[in-house]
Every structure is written in C-alpha cells, then in structure tokens.
Enquirer: 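Here it is: the structure, laid out below.
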Protein chains: 2
Amino acid sequence: MGSERRRGKAKSGDQLSRGELVHLKLLDAIRAGEFRPGERIREAEIAKWLGVSRTPVREAFRRLQADGLLVFEPWRGVVVAELDQQQLIELYAMRKVLEGTAAGLAAQHAAESQIATLAELIDTADTAADAAERAELNRHFHQNIYAAAHNRYLLKALNALRDSMALLPSTTYALTGRHEIAQGEHRDIVGAIARRDPKAAEAAARHHIAEAEKARLKMIIEMNRGNKDTTP
Amino acid sequence: MGSERRRGKAKSGDQLSRGELVHLKLLDAIRAGEFRPGERIREAEIAKWLGVSRTPVREAFRRLQADGLLVFEPWRGVVVAELDQQQLIELYAMRKVLEGTAAGLAAQHAAESQIATLAELIDTADTAADAAERAELNRHFHQNIYAAAHNRYLLKALNALRDSMALLPSTTYALTGRHEIAQGEHRDIVGAIARRDPKAAEAAARHHIAEAEKARLKMIIEMNRGNKDTTP
DNA sequence: CCGTGCAAGATTGTATACAATCACCAAACG
DNA sequence: CGTTTGGTGATTGTATACAATCTTGCACGG
C-alpha cells in the first residue's frame, strides 16, 4: 500500500521500466506456483498487487502471451497456460533439439574461459544446500551453455522454453538421486565441449534432456499417486 | 481526418484487436521495405498513420521487440533492427536447425492430406507470375511443413525467424534461376517426407536453407556492387 | 572560433477515464 | 421442471491526459 507518488523516480535507480518489473514479478510468481496453470488473472488485480497502473501490466501480459505462458481469451482476460501431456512431449522434444544444438555450437565456439566457468558451475552445484538452489544453479549452467553457443536466435528460443518450464510444478531436482545423475550428464556435456567435439556434445545434451524428461514423467506419476488430481 | 467514431464497432466484424492490426501492418510495412532497418519510429507517428491511439501501437511495439524486429532504446523510442553479417549467419544457422527439425518431424507425423497439400503448393508455384508471388507461395509452403511437424514450440520459433527475415531486403526469389532450383529442393523435401524418411527430410531441408543462404549472400554482394552502400 | 551550459521542445513512460463486450443470474415461458 | 431470454455487473479494449526524461538548439564566455 501507499504508492507514495514517486512515479518516475524509482525507475532511475534501477533503470527497469515498470513493464519489465511486472514481467519479472509474474514470471517469478508463476515459477513459485503462486499462479497455477488454469487460473484466471485480472489486470486490475495485478496492478493493485504491484502498485502500478494497468498499462505496464498489459505490456507484461502481452509479452507473456507471446511466450505462451498466458493464454488470451478475448474479453475474458488471460489465464495461466496449462501444459497437457502432448505439450509436455512437444516441449521436451524442442528442448532436445535446441539444447543439443547449443551444446554442439558451444563445442565449436565457446571461449576457454566459458568452458572453465561451466566446469566451475558443476562443482559449485555439489555444495548446494537444497533442491531449489540446485535448480537455480542448473538454470545458470544451462544459461552459460546458451551463451557459449553465440547465436542470439537460439538464445531467444531457449529462453522462451525456459520460461515455459515455469508452468511445470516444482523441479525434477526434488527427486532423490536426480541431482547426482544430472551432475554426471553435465560433466559429459562439458567434457565434449572441452574436447571440441560437437557431435558428442550434442548427443550428450540430448541425452541429458531425455533423462530430464523421464524424471519429469516419473515425478508426475508420483504426484498423481499422492493426490488423484489428474492433469489431463 | 474523421476517425468517424466507430471505435469498438469495426472490430466486431473481423475479431481483430487494434493491437494485432498494428502488429500486422507494421510487419507488412517492414517486409515491404517501407520502414528500413536503422530507421527510428515514433509511436505517435504510427498511431496517426493507422488512425488508432498510442496504446495499441505500444502493444505492437512490444511484440515486435520481443521478436527482435524492433530495438528499444530507453526514452529514445524504437528503431527497426539491423541485421549485420554476423546476425545473418546466426539467423540462417538457426533456420537450418529448425527447418531441418520441422521436416524430420513432418516425415514422422504429417497426415497424408498434409503431404498432398505440400505437393500441390509446389505445383502451384510453377504458375506464379512474379517473384513476389513466388515468395508468398514459398512462405505458404514452409508454413505447411511447420504445421505438419505438430510441435507448437517449434512452430513459434520458426514464425519468429520468418518475421526476422522481413528485415532482409527483397527476396532471394528475385535472383534468376533461384525459383527453379528451389522448386527442386522443395520436391526433395516433400519426397523424403512422403517416404517417411526423417533423416533424409531433415538433410534435404538443411540443404535447402543452406542454398537459400548462398543465394542471399550472392544477392547482397550484387547489391553492394550496384550501390556501394555497405551494410556493416 | 569553439566549447560549455541552459532552456525549450519532443518523446516516451505511466496513470486514469470511458466505451464496448461478455458472463452470469434471475425470471418468465413452454 | 427445463430452457431461454433479458438485464446487470464485471472486465477488457481504447483513448487521452500528465509526468519524467532526453535531445537539440542557442547563447554566452573563453
């Protein structure tokens, strides 16, 4: 409460427009599960929550719609997108392609310093405390591979997929044993990149995503066993 | 100039919001070369041109920014994005990956009717009058392959690339002989899809894009020969 | 003659007011 | 009792007003 009328002033400090702020906040909220898929969201509601007007909220909505996280129903507002089984398959199929491509390109174009950073990130992940932190480091790791690929269109597409992943509940790192296996897969990818072997890097990345998909499906099955809330 | 105050009424006929209309109009304008890369665009200017207010213009700007066609410079407005040599390479590299993937998936998932449509589109292209019409049919052809792949994330990424292509001047179909060669490549792709051979379909599509890239580079060289306006 | 500082204009970022449309609910009719 | 139709409220689509910032031009001093 208390917007305090410092309208254009707060921005100068962080050089972040309100539209971008709303975009980030909504992404975080979706990722944190505060807005669940299928839930309807009203512009005024978000505007009041974040203490801004509807205009920047609309801008954020449009971006999220373009990325597929929100679905517009004309004159009914937006609802958080729901991923059905089919979309999940398509999402992971696309990830296999793009992550594989990114790893292959990274093997060709990565600077040595970038490869070193990747190795460090893997080591750091072993010291992570909980699943949330491991998931965060995992995102960071993949983000660095994207950067090493040096292709901005690929980067954009992969970021869009990453955002779509926010619609999935929890992370596969909550599964026992997933972290250790993923670490090994990560090392395989970085090893291939370091050897400058694009084919092997691509294969390793595709394998990694395929395993992540398996873990995700297993997780969904277990969740459905716990509460019979099927997600059709 | 008499906006005639039929504000919310015109929309009911075509169920197209003003924001989407502006988006399409701007895409067309960029594709037609009315707005050239590097050119600065002002919101009010577009709003007056299309007879709408700045609000839907802003929405369209945001979408075009998200797709990379416009670049935002805070408090300086937007400029039409410029593709340098490096971005051109990255763009075609990504197209090779995604078009190849789409063709491969189409070989697996396309319905027979979709394959028939693809064959028909190729035949129709032979009757096209000029380069513009051939380019249009070419877009249509590729769009149908995307649809046959049945992966909405792939579709979205490919559409984003297609829009980015609007930043390139003219089309490679203006080159003499390009149409005939492209037709042959198209038949190779559809042939592989019809044989349900994903590997061959992917290879054919990648080859097709590689040839298109060659044609594009050749075109740029010829243009630079004509006027020494280098696009750095 | 050139550089610096200031002021005015231009342009975007944001907020709010208004209009159009749709969903929901109640009531009447078959 | 079920179905349909009309009204009312809620919500989005659009327009416009205002605030903050940047750019540009000009004047003044060195």
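Fair warning: this is a prediction, and the values are worked out from it, not measured in the lab. Naming convention: chains lettered A, B, ... in sequence-line order (proteins, then strands); numbering from 1 in each chain.
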Enquirer: Which nucleotide, dG13(D), dT11(D), dT11(C), lies nearest any side-chain atom of Arg40(A)?
Expert: dT11(D)
Enquirer: Between Glu136(B) and Arg139(B) (salt bridge meaning N to carboxylate O under 4.0 Å), is one present in this structure?
Expert: yes
Enquirer: State which of dA15(D), dT14(C), dT11(D) makes the closest approach to the side chain of Arg18(A).
Expert: dT14(C)
Enquirer: Mind calculating the distance between CZ (Arg42(A)) and P (dA23(C)) to the nearest angstrom?
Expert: 14 Å
Enquirer: On DNA chain C, compare the nucleotides closest to Ala44(B) and Thr55(B); which residue's is nearer the 5' end?
Expert: Ala44(B)
Enquirer: In whole Å, I'd like the distance from the CZ atom of Arg62(B) to the C1' atom of dT14(C).
Expert: 11 Å
Enquirer: Would you kindly give the CD-to-P distance between Glu43(B) and dT16(D), to the nearest whole Å?
Expert: 15 Å
Enquirer: To the nearest angstrom, how far is Leu70(B) atom CG from dT12(C) atom P?
Expert: 12 Å
Enquirer: Whole Å only: how far is the CZ atom of Phe61(B) from the P atom of dG13(C)?
Expert: 10 Å
Enquirer: If you check every side-chain atom of Arg54(B), which of dA15(D), dT12(C), dA15(C) has the closest atom?
Expert: dT12(C)
Enquirer: For the side chain of Glu222(A) and the backbone of Met219(A), is there at least one donor-acceptor N/O pair under 3.5 Å apart?
Expert: no
Enquirer: Let me know the distance between CD of Glu59(A) and C1' of dA15(C), rounded to the nearest Å.
Expert: 12 Å
Enquirer: What is the distance from CZ of Phe72(A) to P of dC22(C), rounded to the nearest Å?
Expert: 16 Å
Enquirer: Report the C-alpha distance between Leu26(B) and Phe61(B) in whole Å, list the side-chain angles of each, state the deciding distance to 0.1 Å, and finish with yes or no for side-chain contact (heavy atoms from CB on, under 4.5 Å).
Expert: CA-CA 9 Å; Leu26(B) 285 176; Phe61(B) 276 19; 3.6 Å; yes
Enquirer: Whole angstroms only, please: what is the NZ-P distance between Lys48(A) and dA15(C)?
Expert: 15 Å
Enquirer: Charged N to carboxylate O under 4.0 angstrom, Glu213(B) versus Lys96(B)?
Expert: yes
Enquirer: Checking contacts here: which listed nucleotide (dT12(D), dT16(C), dG13(C)) is nearest the side-chain heavy atoms of Ser53(A)?
Expert: dT16(C)
